[in-house]
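In listed order, ligands and their atoms are each counted from 1.
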Amino acid sequence: MRHLLTLFEITQSELADILSVGGQIKRLLASGRRPPWLAQRVLAMLFEKPSLRTRVSFEAGIIQLGGAAMFLGQDVGWQSRESTDDFVRVLAQYADFVVCRAKSHSSVVELAKHDCIPIINGLTDMAHPCQALADLMTMQEVVGSLKDRQLTFVGDGNNVARSLALACAMVNMRFRLLGPSGYSMDEKWIAQIVERYPHADIVQSSDPRVALKGTDFVYTDVWTSMGQEQESAIRRAAFVGYQLNANLMRFAPQQARVLHCLPARRGEEITDEIIDSPQSIVVEQAGNRMHAQKGLLVWMSIQHRWVEPLALTSEGIHLETTVPR
Ligand code: CP
Ligand code: NVA
């Protein structure tokens, strides 16, 4: 059974397939076609934290593919009413996939442990792999191949940054993290990436001249992630000087594009001027959450042999030739 908890669960060619399937489904949608490849498939959505993009993009995506989503909030009693073992094994009797947004990464690992239903991480304190899928799709749309391109993440080594560092290694892209010392990415995570992808090019720096030089994409996220609210004053003080504003952007090439996973705290980690500039692609990026995740759901269904009439060839997965009429 296939799960997506970090991106370490898939290979580089599987990642390329997911993005390709997502891109094909996106093009079909743009031409007015919504093939029901996931007809009557059910996505359970288990959320412990708030969400706009992740929740709505998964829900809209599976509906467009002919399936349905069930939003499960606190009242289903996950982690309070019964054991996780009983909870997930029962959920697997009703649903085909689970998307889970959890406070602790160990919670999604625990759900996947039973291997009874595919578990997709919809954000934990450790990783945000679905965001990284959409980010890769968005950057590919701008420059084509991502090989030898550079992404600079301005902020702390948080869940979004961790997934991006891994995603960049998987597509042979340089990754730079720019932020104050004391907020860098844990070395253990970087070591895991380098162990799997020895060519990974990851550099952390507090100097914008180093981290923004020659970059193709500049990415930022909130300084205080969900669950860290008690640290927000201290973080605001630590990150002064790392706001993505016109001054910081002077260190990046003029054509560099700006990304943000959203939601943004405008005026804090990014200014209105930059997020609303022609360089910014944050709205397209948010839109791609849905397209990339549709690619993931269809790809997982192909892996599980739930979806048959698709053209699987040695060059990848070609959906567009097999659209049901
Ligand atoms: N980027 C992202 O995951 O947004 P939400 O928190 O709104 O889902
Ligand atoms: N790092 C942020 C991302 C939100 C999509 C958080 O975890 O709150």
Novice: From the options Arg53, Arg101, Lys49, Met226, select the one whose nearest heavy atom is closest to atom 6 (O) of ligand 1.
Specialist: Arg101
Novice: Suppose we measure from atom 8 (O) of ligand 1 to each protein heavy atom; which comes out shortest, and what is that distance?
Specialist: Ser51 OG, 2.6 Å
Novice: Can you pull the salt bridge (charged side-chain N to carboxylate O under 4.0 Å, His left out) pairs that have at least one residue in residues 220-249, sequence neighbours excluded?
Specialist: Asp156-Arg235, Glu231-Arg235, Arg236-Glu268
Novice: Please work out which of Val222, Thr224, Asn159 has its closest non-hydrogen atom nearest to atom 7 (O) of ligand 2.
Specialist: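 When every heavy atom of Val222, Thr224, Asn159 is considered, Asn159 comes closest to atom 7 (O) of ligand 2.
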Novice: Given side chains that start at C-beta, do those of Leu146 and Gln140 come closer than 4.5 Å, heavy atoms only?
Specialist: yes
Novice: Only one of Leu29, Leu133, Thr138 forms a side chain to side chain contact (heavy atoms under 4.5 Å, CB included) with His291, so which one is it?
Specialist: Leu29
Novice: Does Arg55 reach ligand 1 with a nitrogen or oxygen that is under 3.5 Å from one of the ligand's nitrogen or oxygen atoms?
Specialist: no
Novice: Between Cys261 and ligand 1, does any nitrogen or oxygen pair lie at a separation below 3.5 Å?
Specialist: yes
Novice: Using heavy atoms and a threshold below 4.0 Å, how should the contact between Leu262 and ligand 1 be classified: side chain, backbone, both, or neither?
Specialist: backbone
Novice: If we only count N/O pairs under 3.5 Å, is Ser225 in contact with ligand 2?
Specialist: yes
Novice: Could you tell me whether ligand 2 has any atom less than 4.0 Å away from a heavy atom of Leu262?
Specialist: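 Contact present.
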Novice: So, Glu284 and Asn288: side-chain donor and acceptor under 3.5 Å apart, yes or no?
Specialist: no
Novice: Measure the acute angle between the ring planes of Phe8 and Trp189, then classify it against the limits of 30° and 60° as parallel, tilted or perpendicular.
Specialist: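 Answer is perpendicular, since the angle exceeds 60°.
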Novice: Would you mind listing every salt bridge (charged side-chain N to carboxylate O under 4.0 Å, His left out) that reaches into residues 162-185, with sequence neighbours excluded?
Specialist: Arg162-Asp186, Arg176-Asp201
Novice: Do other residues, nucleotides or ligands put more than 12 heavy atoms under 6.0 Å from the CE atom of Met126?
Specialist: no
Novice: Short list, please: which atoms of ligand 2 are under 4.0 Å from a heavy atom of Asn158?
Specialist: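 Counting from 1, the qualifying ligand atoms are 1 (N).
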Novice: Out of all atoms in ligand 1, which are within 4.0 Å of some heavy atom of Arg289? Include the element for each.
Specialist: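 Counting from 1, the qualifying ligand atoms are 1 (N), 2 (C), 3 (O).
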Novice: Does Asp276 pair with Arg266 as a salt bridge, N-O distance under 4.0 Å?
Specialist: yes
Novice: Are Phe97 and Trp306 close enough that their ring centers fall under 6.0 Å?
Specialist: yes
Novice: For the 3.5 Å polar cut-off, considering only N or O atoms, please tell me whether Leu123 and ligand 2 meet it.
Specialist: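 In this structure, Leu123 places no N or O atom under 3.5 Å from an N or O of ligand 2.
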Novice: Measure the distance from atom 3 (C) of ligand 2 to every protein heavy atom, then report the residue, atom name and distance (to 0.1 Å) of the closest one.
Specialist: Asp221 OD2, 3.6 Å
Novice: Look at atom 8 (O) of ligand 2 and say which protein heavy atom is nearest, naming residue and atom and giving the distance to 0.1 Å.
Specialist: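 For atom 8 (O) of ligand 2, the nearest protein heavy atom is Met226 N, 2.8 Å.
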Novice: Linking I/L/V/M/F/W/Y whenever any side-chain heavy atoms sit under 4.5 Å apart, do Val298 and Ile117 land together?
Specialist: no
Novice: Atoms of ligand 1 less than 4.0 Å from His128 heavy atoms?
Specialist: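 Contacts of ligand 1 toward His128, numbered from 1: 2 (C), 3 (O).
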Novice: Using a 4.0 Å cutoff against the non-hydrogen atoms of Leu52, which atoms of ligand 1 qualify?
Specialist: 5 (P), 7 (O), 8 (O)
